[in-house]
There are 2 protein chains.
Amino acid sequence: MAKPDKRDEIVRAALELIAENGFHGAPMAMIADKAGVGAGTIYRYFENKDVLINELYRELEQRLLTVLMDGYSPEKSVRERFIHLGTAVLRYCISNPLDFRYLEQFHNSPYGVVHRRDKISGEADDKDIYRKLFEEGLSRQVIKDLPLVVLFSLAFGPLISVARDHILGFVSLDDDLIVKIIAACWDGLKR
Amino acid sequence: MAKPDKRDEIVRAALELIAENGFHGAPMAMIADKAGVGAGTIYRYFENKDVLINELYRELEQRLLTVLMDGYSPEKSVRERFIHLGTAVLRYCISNPLDFRYLEQFHNSPYGVVHRRDKISGEADDKDIYRKLFEEGLSRQVIKDLPLVVLFSLAFGPLISVARDHILGFVSLDDDLIVKIIAACWDGLKR
DNA sequence: ATTAATGGAATGAACGTTCATTCTTTTTAT
DNA sequence: ATAAAAAGAATGAACGTTCATTCCATTAAT
């Protein structure tokens with residue numbers, strides 16, 4: 001009965017510890033402690049630490065995707081859709097700092113590189129809304145003629161950087177500022 | 001006479017291993033091996049691993065700064081100076097992938113956060129050319145009226161992201177593309 | 001009563017660091 | 001100029017610690 005219950009506790013504890021202290025500041029024993037389970041119990045739900053880390057990543061990715069798709073309408077203009085996505089990402093990151101910090105840790109680690117390589121070389125699935133958006137922007141000639149990967153960097157590089165600064169307390173993002181930042185990103189993208 | 005020799009070998013080995021495998025994929029024993037010295041020898045030159053990591057960072061920071069200042073003239077327009085700096089950073093990163101990867105590892109670690117907090121809260125030294133540039137851009141009203149930290153993110157977030165993609169082989173940056181990318185960043189910054 | 005789940009002690013591998021020893025260079029004595 | 005002695009640098013095996021993982025006695029569920 002306690003099955004998904006315990007699993008959830010473990011995942012939550014892992015998220016918190018890893019987000020705050022990094023992968024190496026989050027030993028399994030500590031995760032177990034925080035989750036209120038025995039160390040061995042974790043291994044009933046996750047084969048090993050790597051699996052735990054990856055499954056947690058998938059969960060966060062899914063949550064983020066859900067938020068992004070909420071209110072997203074493919075009928076709107078490329079610009080409007082970009083603003084929707086950018087704003088949603090930024091808002092999500094700053095209101096879920098643990099999620100954001102975890103995703104960052106993941107991306108800046110060997111896990112992340114592997115994941116990214118798989119994603120880029122793989123086919124576009126229907127979850128791949130950025131790619132679709134940029135491709136449409138290119139064919140409509142509303143955004144600069146640059147490789148997709150570069151467009152991605154132009155669009156989201158600043159957002160991630162600014163989200164980190166917000167979470168670390170180097171700047172305080174309010175709604176007004178967020179809007180201005182997304183607009184600036186669009187200026188970088190648009191033709 | 002062999003004094004700086006060994007030290008150099010250790011630093012070089014550390015750079016290579018940490019850049020490629022991260023801090024935790026570069027045990028002291030492995031660094032010693034690659035440097036061609038005994039494990040204990042490292043401790044004659046560096047008090048401990050933390051000190052080694054930090055001293056290496058300072059060295060790389062210094063090298064990068066030298067490159068940035070080369071050909072930089074404070075008389076030129078804000079735009080021209082930005083393009084100079086952006087181009088120099090990007091070129092440096094892609095032609096010194098080990099340095100870039102190391103700096104990234106450092107910034108995305110507790111070391112980096114501490115370092116950044118010190119830097120932001122501290123006074124601007126004369127090495128702080130970005131700050132000066134942006135401040136001048138603000139007062140001349142040629143760049144957007146946003147907090148310094150945000151301007152920094154808008155300007156360098158994309159560059160770092162794109163440099164990583166280049167080094168990981170997701171995109172291939174040639175001179176033409178670099179110019180276009182810096183121009184796009186400027187579009188994001190300019191008023 | 002049998003099976004599955006749990007907790008946490010036990011395990012062994014990996015790590016950073018230390019230190020007794022060896023090797024090399026420099027200094028002193030002849 | 002040569003040899004002996006001292007100082008300094010280098011070494012890597014050994015140590016203590018930390019960690020992921022396993023094992024098994026205990027507990028809960030059926």
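Only heavy atoms go into these numbers, but all of them, side chains included; no hydrogens, no water, no symmetry mates. Each chain gets a letter, A, B and so on, in the order its sequence line appears, and its residues count up from 1.
C/dG16 atom C1' lies 16 Å from atom CZ of B/Phe46, rounded to whole Å. In this structure, CG of B/Asn21 is placed 11 Å from P of C/dC15, rounded to the nearest angstrom. If you take CG of B/Asp50 and P of C/dC15, they are 17 Å apart, rounded to a whole angstrom. In this structure, B/Lys34 places its NZ atom 20 Å from C1' of D/dG12, rounding to the nearest Å. Nucleotide D/dA7 holds its P atom 15 Å from the CZ atom of B/Arg44, rounded to whole Å. Rounded to a whole Å, the CG atom of B/Asp33 is 17 Å from the P atom of D/dA10. For B/Asp5 and C/dT25, the CG to P distance is 12 Å, given to the nearest whole Å. Atom CG of A/Leu17 and atom C1' of D/dC19 are 14 Å apart (whole Å).
Comparing C/dT6, D/dT11, D/dA13 by their closest approach to the side chain of A/Tyr45 singles out C/dT6. Among the nucleotides D/dA9, D/dT11, C/dT6, the one closest to any side-chain atom of A/Thr41 is C/dT6. Candidate nucleotides C/dG7, D/dT21, C/dT17 were compared by shortest atom distance to the side chain of B/Asn48, and C/dT17 ranks first. Checked against D/dA10, C/dT6, D/dA20, the side chain of A/Pro27 finds its nearest nucleotide in D/dA20. Of the candidates D/dT21, C/dA5, D/dT11, D/dT21 carries the atom nearest the A/Met28 side chain, counting heavy atoms from C-beta on. If you check C/dA9, C/dG16, C/dG7 against the side chain of B/Lys49, the one that comes closest is C/dG16.
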Working for side-chain hydrogen bond (donor to acceptor under 3.5 Å, both in side chains), residues B/Tyr102 and B/His107: CA-CA 9 Å; B/Tyr102 185 91; B/His107 289 136; over 6 Å; no
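No donor-acceptor pair under 3.5 Å is formed between the side chain of A/His115 and the backbone N or O of A/Asn54. With B/Thr41 contributing its side chain and B/Val37 its backbone, the two residues share no donor-acceptor pair below 3.5 Å.
Side-chain N/O atoms of B/Lys6 include none lying less than 4.0 angstrom from OP1 or OP2 on C/dT24. Residue B/Tyr43 places none of its side-chain N or O atoms closer than 4.0 Å to OP1 or OP2 of C/dC19.
A residue-by-residue look at A/His24 and A/Gly40 shows that A/His24 has its nearest nucleotide of DNA chain D further toward the 5' end.
Between the side chains of A/Tyr92 and A/Asp99, a donor-acceptor pair is found at a separation under 3.5 Å.
Residue B/Gly25 is classed as having no contact, given no heavy-atom separation below 4.0 Å to the nucleic acid.
Closest non-hydrogen pair, A/Ala19 versus A/Gln105, comes out as O-NE2, 3.6 Å.
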